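Okay, so here's the structure we're looking at.
Computed from a predicted model, the values in this text were never measured in an experiment.
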Amino acid sequence: RVGNDLSKKGGCMTNDCAANIFNAGIRIMKCLGWAWQWASWWVHFGDNWEPFLEEGQNESNMTKAELKIIDSTSLSRRADARKCRLAPLGAALRNREYDKTKGDDCNALHNALRAILSVPSLAGPLTKAEIDFFVDWLGRVYRSQSPELGFGDEKIAVSETYSKGSVTHYKDETPKYELEKRPLPGKKLKKGEIFESGITEADDYSEIEEFPLAMLLTPKGRSPSS
């Protein structure tokens, strides 16, 4: 509406535009609410990048920079996931941890979202204006307490019982889907910084598992290759 450089002024956002942005935010926050689970898959295998093409653009004639493709490896993604505290954010959102202390649903939450959006391998190459916009709107979506988010009382139940090879627990038997003793993402950010530092917490980013997603989606008794 105003452009990435904020050069266009005077326009008002229509109700349709606001509704589209809000519903897109619901989808993004729902996805982030499961990051406690899929963060390790992203670290190990990356994702499929689908460029957004403007009318008249031809993908085959465009450079990586024009397609906004970010090269990464499992090692660089592991560092990125730890830097932005991707998995802990998912657990925090799932349990609406930002509701427990007044102000955390603005300050700490916005800090955590900004960290996620500032990782190009995860969110793409965004400008500061774009990051500011997304942080503001995703924060509004969280504070709406929409049941569509699947957070808090509306969260989907998962296995709470630890077993060897569990996809819901770490090897030390602590649940991935709860923060427990891990600090709230965005809460301990130093002034002037984007990423929190000095935090050591459990993760499973170093454990390469064969066909983790396929095993979850395959009916019991069948191998992923059958």
Give the minimum heavy-atom separation between [X] and [Y], together with the two atoms involved.
X      : Y      : answer
Arg94  : Ile156 : NH2-O, 2.7 Å
Pro125 : Lys68  : CG-CB, 3.7 Å
Pro185 : Leu89  : CG-N, 3.7 Å
Lys171 : Tyr162 : O-OH, 3.8 Å
Ile116 : Leu122 : CG2-CD2, 3.7 Å
Leu184 : Glu196 : O-OE2, 3.9 Å

Is there a path from [X] to [Y] through hydrophobic residues (I, L, V, M, F, W, Y) whose side chains come within less than 4.5 Å of each other?
X      : Y      : value
Leu179 : Leu149 : yes
Met29  : Phe134 : yes
Leu86  : Leu126 : yes

Taking it one step at a time, do Ser60 and Asn58 satisfy side-chain hydrogen bond (donor to acceptor under 3.5 Å, both in side chains)?
CA-CA 6 Å; Ser60 62; Asn58 187 328; 2.6 Å; yes

Run the side-chain contact (heavy atoms from CB on, under 4.5 Å) test on Trp38 and Asp47 for me, step by step, so that the C-alpha distance in whole Å, both residues' side-chain angles and the decisive distance to 0.1 Å come before the verdict.
CA-CA 11 Å; Trp38 57 257; Asp47 51 28; over 6 Å; no

Is there a side-chain contact between [X] and [Y], using heavy atoms and a 4.5 Å cut-off?
X      : Y      : result
Leu113 : Leu32  : yes
Trp34  : Val158 : yes
Trp42  : Asp80  : yes
Ile26  : Ser146 : yes

Quick one: does any side-chain atom of [X] pair with a main-chain N or O of [Y] as donor and acceptor, under 3.5 Å?
X      : Y      : value
Glu66  : Thr63  : yes
Arg143 : Asp105 : yes
Arg182 : Ala92  : no

Between [X] and [Y], is any side-chain donor less than 3.5 angstrom from a side-chain acceptor?
X      : Y      : answer
Ser121 : Arg77  : no
Tyr142 : Asp99  : yes
Thr174 : Asp172 : yes

Return the [atom1] to [atom2] distance between [X] and [Y], rounded to the nearest 0.5 Å.
X      : Y      : atom1 : atom2 : value
Arg85  : Ile199 : CZ    : CD1   : 4.0 Å
Asp136 : Ile21  : CG    : CD1   : 10.0 Å
Ser197 : Lys83  : OG    : NZ    : 12.5 Å
Glu178 : Glu97  : CD    : CD    : 8.0 Å
Phe52  : Leu67  : CZ    : CG    : 13.0 Å
Cys84  : Ile194 : SG    : CD1   : 12.0 Å

From CA spacing to verdict: ring pair (Phe, Tyr, Trp, His ring centres under 6.0 Å), Tyr177, His169
CA-CA 8 Å; Tyr177 52 84; His169 292 72; 5.7 Å; yes

Evaluate side-chain contact (heavy atoms from CB on, under 4.5 Å) for Leu117 paired with Phe133, printing each intermediate quantity in order.
CA-CA 11 Å; Leu117 293 166; Phe133 179 83; over 6 Å; no

Using the side-chain contact (heavy atoms from CB on, under 4.5 Å) rule, take Asp204 and Val43 through it: C-alpha gap first, then chi angles, then the decisive distance, then the call.
CA-CA 10 Å; Asp204 55 356; Val43 166; over 6 Å; no

Should Thr168 and Trp36 be marked as a side-chain contact (heavy atoms from CB on, under 4.5 Å) after you check the CA-CA gap, both sets of side-chain angles, and the distance that decides it?
CA-CA 9 Å; Thr168 58; Trp36 60 269; 4.3 Å; yes

Mind checking what makes side chain to side chain donor-acceptor pair (under 3.5 Å) contact with Asp132, not counting sequence neighbours?
Arg114, Lys128

Which pairs pass side chain to side chain donor-acceptor pair (under 3.5 Å) with one or both residues in residues 147-160, sequence neighbours excluded?
Asn95-Lys155

